[in-house]
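Small disclaimer: the values here were computed from a predicted structure and weren't measured.
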Amino acid sequence: MSAGTQPTTEPRWFKSSYSGGNATECVECAYVSTGISIRDSKRAGGPVIPVRTSAWLFFLESLAQPQPLDR
């Protein structure tokens with residue numbers, strides 16, 4: 001996913017390109033002025049998790065770094 005802001009007042013939600021074709025267990029994200037909003041794709045009117053831009057970037061960077069398994 002690439003980072004970017006949206007000029008509109010309504011968020012434009014999108015799913016990851018890794019989401020399955022059946023779309024039964026997906027999250028959606030939207031870029032907002034304060035960062036990222038995340039929601040359950042099955043509950044579009046449900047709760048939204050706000051994430052600051054710095055936290056989102058840290059999350060994305062950590063996904064790119066291999067992590068040792070805890071045993």
Side-chain angles (χ1 to χ4, degrees):
M1 289 184 249
S2 60
T5 59
Q6 294 178 240
T8 61
T9 57
E10 286 295 316
R12 195 166 104 205
W13 296 93
F14 62 92
K15 293 180 188 175
S16 168
S17 60
Y18 293 98
S19 295
N22 61 7
T24 58
E25 295 183 15
C26 297
V27 294
E28 295 177 317
C29 299
Y31 297 110
V32 295
S33 62
T34 56
I36 307 297
S37 291
I38 303 170
R39 70 180 182 186
D40 184 340
S41 63
K42 296 180 301 301
R43 298 181 60 202
V48 172
I49 300 171
V51 180
R52 291 188 179 143
T53 302
S54 58
W56 183 254
L57 293 175
F58 179 80
F59 170 69
L60 293 178
E61 289 171 4
S62 69
L63 292 177
Q65 309 269 333
Q67 300 294 319
L69 296 175
D70 291 333
R71 293 189 190 236

### Task
Determine yes or no for a side-chain-to-main-chain donor-acceptor pair under 3.5 angstrom, with Arg52 supplying the side chain and Gly35 the backbone.
no
### Minimal non-hydrogen separation, Cys26 against Lys15, with atom names
CB-CD, 4.2 Å
### Task
State which residues pass side chain to side chain contact (heavy atoms under 4.5 Å, CB included) with Ile38; sequence neighbours excluded, sorted by chain then number.
Val27, Cys29, Ile36, Ile49, Val51, Trp56
### Message
So, using side chain to side chain contact (heavy atoms under 4.5 Å, CB included) as the criterion, who are the partners of Ser37 when residues are at least two apart?
### Response
Trp13, Val32, Val48
## Note on the structure
Here the gap from Glu28 atom CD to Lys42 atom NZ, rounded to the nearest 0.5 Å, amounts to 10.0 Å
